Asks: 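Dropping a structure here in structure tokens format, bear with me for questions.
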Amino acid sequence: MVGGLAVHQTSYLINPSSSPIQGSEQRTREQHASCLPSLNQIKSIEEFKQVHAQFIKLGLDQVPRHASELLSACTLLHWGSMDYARLIFDDIKDPGTYDFNTMIRGCVKDCNSVAALHYYKEMLERDTMPNNFTFPFVLKACAQLSGMEEGTQVHSQAIKFGFESDIYIQNSLINMYGKCGEVKSSCKVFDLAGTNKTIASWSALLAAHTRKGLWRECLKLFTVRNNEGWRGDDTSMVSALTSCSHLGALDLGRTIHCSLLRNISEVDMTAQTALIDMYANCGSLEKGLEIFDRMPQKNLWTYSVMISGLAMHGDAKGALQIYSRMLKQGLEPDEVVYVGVLNACSHAGRLKEGIQCFDRMRFEHQIRPTLQHYNCMVDLMGRAGKLEEAHELIEGMPIEPDEVTWRCLLSACKVHGNLELAEIAYRNLLELDSQNTGDCIILSNMYAQAKRWEDAAKFRTDIVNRGLLQAPGFSRVEVKGKMHTFVSHDWSHPQSYQVYEMLYQMEWQLKFEGYSPDVSQISVDVNEKEKRRTLSGQSQKLALAFALLNTSRGCKIRIVTNIRMSRECHEYTALISKIFARETIIKDRHRFHHFKQGQCSCGGYW
DNA sequence: GGAAGGCTTC
């Protein structure tokens, strides 16, 4: 109805009552065809069907050129329909390379890569020669599938057909290997491209590294790219920003932000979202919020990133506000949004709201909870002290719990001192063959706290007997755009001597504040002095001392660590932030802690 | 005769 109306209103159609052309010469047909609307002006599939009917009436659908045009309009325009396109394609007596390419391209656009590969196969079976346009589409289908086997085959066929040095195909290959996680192969193709390289070659290469978690390498390549004079490409910058975000590299992230503003006339939504994520993940939540508030348009990703950012910083109120704004805007939340929302509740101990959101996700938004959601819930309940309920939830889950699930329960047991349930959690971790030394250490510490030294020691020897290696705890701090990494009792840094001297001064001042380290968390039965020595050399403290030495007053200190903040370290940092009047932001394995004037943003709940 | 490549959240 709507389509019909549109057609009559625009009146560029031939009067439907006029007689069809009976096999008259091409020219008459073409004259009629010229009265038809330009295919890319069509706004809906209904309208398209009417035009298609006219083509059939005029016999134009059998003219190869027109048939191809109809096909590509139907596959590629926003209203397009692959089901209908398939009918048109099946009607073409002898489809050419262009038609096959159109179908492959359409299937890829429709995210139906399997169908795309079928058309490619059919193309070869019918001896239709693929051309330089065919391979980018087919490779994109392989990339969508993460199909390394298919991708490699197509790669050899591209070589066989002589397209080895076509830069579009090379870029598609870099992308395909990247999506398959084969970064080495991406690099190989990239190197082979030599001076052919374009800006897209770089961005595909950077994306391949980011996807694989090779963030440092991504940033190194990004620097090389910049030094070679490539500018003004926001896709590459998005990959670089993502890497900064994971590394906590704020200074570099800021530099990229500046160059985005300098080189790109209009920063798009994806880049802005990546900026918000970078700022939030690097400890500068305010800056992230500022960008978020200024964005005239936001999509699901933007909201999602902002919610997770606020959650990580323990701002549950803010996260829930953004979540309602998102709903008000009519956006349908997805499972990732709910991971953020549940995390926010968990980090702030908002048990009631967390349970409400969990229900809303399942019943109102019809999202089946994933293991990640259940893990958030176990964490939320456990840390709020509802240990039995958390245990019940695990037992009743429709999915098998994993290591994370039991570890959430274990650490909640540690916080609330429930040894009995901790033992159950630990047994389950053993059954899952967990190789994590942290689990043994938690239990060992719990026994130590209960003064059950023998049991504590048993768990320590367990670590040795099972041949477990403790992943070294490290802390990173960025000073003048350069990352410095410290492990516990580290002497490898060139400034180590000064760092330990600073540490000594810090502890001296802490003593004046009446601080005495809580050594009860150390499960080895050694003397007090030895325990104190263990505590004072922790990587976070080394990083803190280093930052105090190398940054000026008024400058915020930002540290990223891979271990979970201990009570002792928390109290230590809070006091240092007061004594040295330095705002200190620490990102531990789970969240951010903002220390200011002796207080922490988490309010002691983490 | 006509078409093409790269990016973001847990």
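What you see is a predicted model; the values in this text were computed from it and never measured.
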Asks: Looking only at heavy atoms, which two atoms of A:P333 and A:V337 are closest? And how far apart?
Replies: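 The pair with the smallest heavy-atom distance is CB-CG1, 4.0 Å.
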Asks: Between A:Y168 and B:dG5, do the rings stack, that is, sit under 5.5 Å apart with planes less than 30° off each other?
Replies: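 No; centroid distance or tilt outside limits.
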Asks: Let's see if you can work this out: which of B:dG5, B:dG6, B:dT9 has an atom nearest to the side-chain heavy atoms of A:D277?
Replies: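 Selected nucleotide (nearest to the side chain): B:dT9.
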Asks: Have a look at A:N299 and say if it touches a base, only the backbone sugar-phosphate, or nothing, with a 4.0 Å heavy-atom cut-off.
Replies: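 Nothing: the residue A:N299, judged by heavy atoms under 4.0 Å, touches no strand.
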Asks: Rounded to whole Å, how long is the line connecting atom CE of A:M361 with atom P of B:dC10?
Replies: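 From A:M361 CE to B:dC10 P: 17 Å.
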Asks: So how far is it from A:Q321 CD to A:I307 CD1, rounded to the nearest 0.5 Å?
Replies: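 That separation rounds to 11.5 Å.
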Asks: Would you tell me if any nitrogen or oxygen in the side chain of A:K140 comes within less than 4.0 Å of OP1 or OP2 on B:dA4?
Replies: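 Checking B:dA4 against A:K140, no side-chain N or O comes under 4.0 Å of OP1 or OP2.
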Asks: Under the criterion side chain to side chain contact (heavy atoms under 4.5 Å, CB included), which of A:V108, A:I88, A:L71 is the partner of A:M103?
Replies: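 The passing option is A:L71.
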Asks: Under 4.0 Å from any atom of DNA chain B, heavy atoms only: list the residues of residues 83-108 of chain A that qualify, in numerical order.
Replies: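 Those residues are A:Y98, A:N101, A:R105.
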Asks: Nearest heavy-atom pair of A:L77 and A:K109: which atoms, and what distance?
Replies: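 What the structure gives for the nearest pair is O-NZ, 3.6 Å.
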Asks: Establish, from distance only, whether the side-chain atoms of A:N131 and A:T134 form a donor-acceptor pair under 3.5 Å.
Replies: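 Side-chain D/A pair, A:N131 to A:T134: present.
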Asks: Calculate, to the nearest 0.5 Å, the distance between atoms CD1 and OG belonging to A:I276 and A:S284 respectively.
Replies: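 Reported value, rounded in 0.5 Å steps: 12.0 Å.
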Asks: Nearest to the side chain of A:R65, heavy atoms from C-beta on, is which of B:dC7, B:dA3, B:dG1?
Replies: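 Side chain of A:R65 sits closest to B:dG1.
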Asks: Can you classify the ring geometry of A:F48 versus A:Y84 as parallel (below 30°), tilted (30 to 60°) or perpendicular (above 60°)?
Replies: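 Perpendicular: the ring planes of A:F48 and A:Y84 meet at over 60°.
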Asks: DNA chain B in dot-bracket, Watson-Crick or G-U pairs under 3.5 Å, [ ] crossing, | other strand?
Replies: ..........
Asks: Tell me whether the rings of A:F100 and A:F89 are parallel (<30°), tilted (30 to 60°) or perpendicular (>60°).
Replies: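 Ring orientation of A:F100 relative to A:F89: perpendicular.
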Asks: Going by side chain to side chain contact (heavy atoms under 4.5 Å, CB included), A:D588 matches just one of A:N562, A:I563, A:T561. Which one?
Replies: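 Exactly one option meets the side chain to side chain contact (heavy atoms under 4.5 Å, CB included) with A:D588, and it is A:T561.
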Asks: Across the strands shown, which category fits A:V336 at heavy-atom distances under 4.0 angstrom: base, sugar-phosphate, nothing?
Replies: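 Counting heavy atoms under 4.0 Å across all strands, the contact made by A:V336 includes a base.
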Asks: Remember a base hit wins even if backbone is also touched, and classify A:S236 as base, sugar-phosphate or nothing at under 4.0 Å, heavy atoms.
Replies: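 No contact.
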Asks: What contact category does A:I199 fall into here, base, sugar-phosphate, or nothing, at under 4.0 angstrom with non-hydrogen atoms?
Replies: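 Base, at least one base heavy atom under 4.0 Å.
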Asks: Which of these nucleotides, B:dC7, B:dA3, B:dT8, is closest to any side-chain atom of A:W301?
Replies: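 Minimum distance to the A:W301 side chain belongs to B:dT8.
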Asks: Please report the interatomic distance CG(A:L70) to CG(A:D91), rounded to the nearest 0.5 Å.
Replies: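 Reported to 0.5 Å precision, the distance equals 10.5 Å.
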Asks: Of the non-hydrogen atoms in A:C244 and A:L219, which two are nearest, and what is the gap between them?
Replies: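 For A:C244 versus A:L219, the nearest heavy atoms are SG-CD2, 4.0 Å.
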Asks: May I ask you to test the A:Q372-A:E335 pair for a side-chain heavy-atom distance under 4.5 Å?
Replies: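 When only atoms from C-beta onward are counted, A:E335 and A:Q372 do not touch, as no gap falls below 4.5 Å.
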Asks: Looking at B:dG5, does its base get a donor-acceptor pair with the side chain of A:S172 below 3.5 Å?
Replies: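 Result: no qualifying N/O pair found.
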Asks: Can you see if the side chain of A:K179 gets near the phosphate of B:dG6 - specifically, an N or O under 4.0 Å from OP1 or OP2?
Replies: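 Looking at the OP1 and OP2 atoms of B:dG6, neither is under 4.0 Å from any side-chain N or O of A:K179.
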Asks: Going by number, which of residues 262-276 of chain A have a non-hydrogen atom under 4.0 Å from DNA chain B?
Replies: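 Only A:T270, A:T273 qualify.
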Asks: Take the protein atom NZ of A:K298 and the nucleotide atom C1' of B:dT9, then report the distance between them rounded to whole Å.
Replies: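 Whole-Å distance recorded here is 16 Å.
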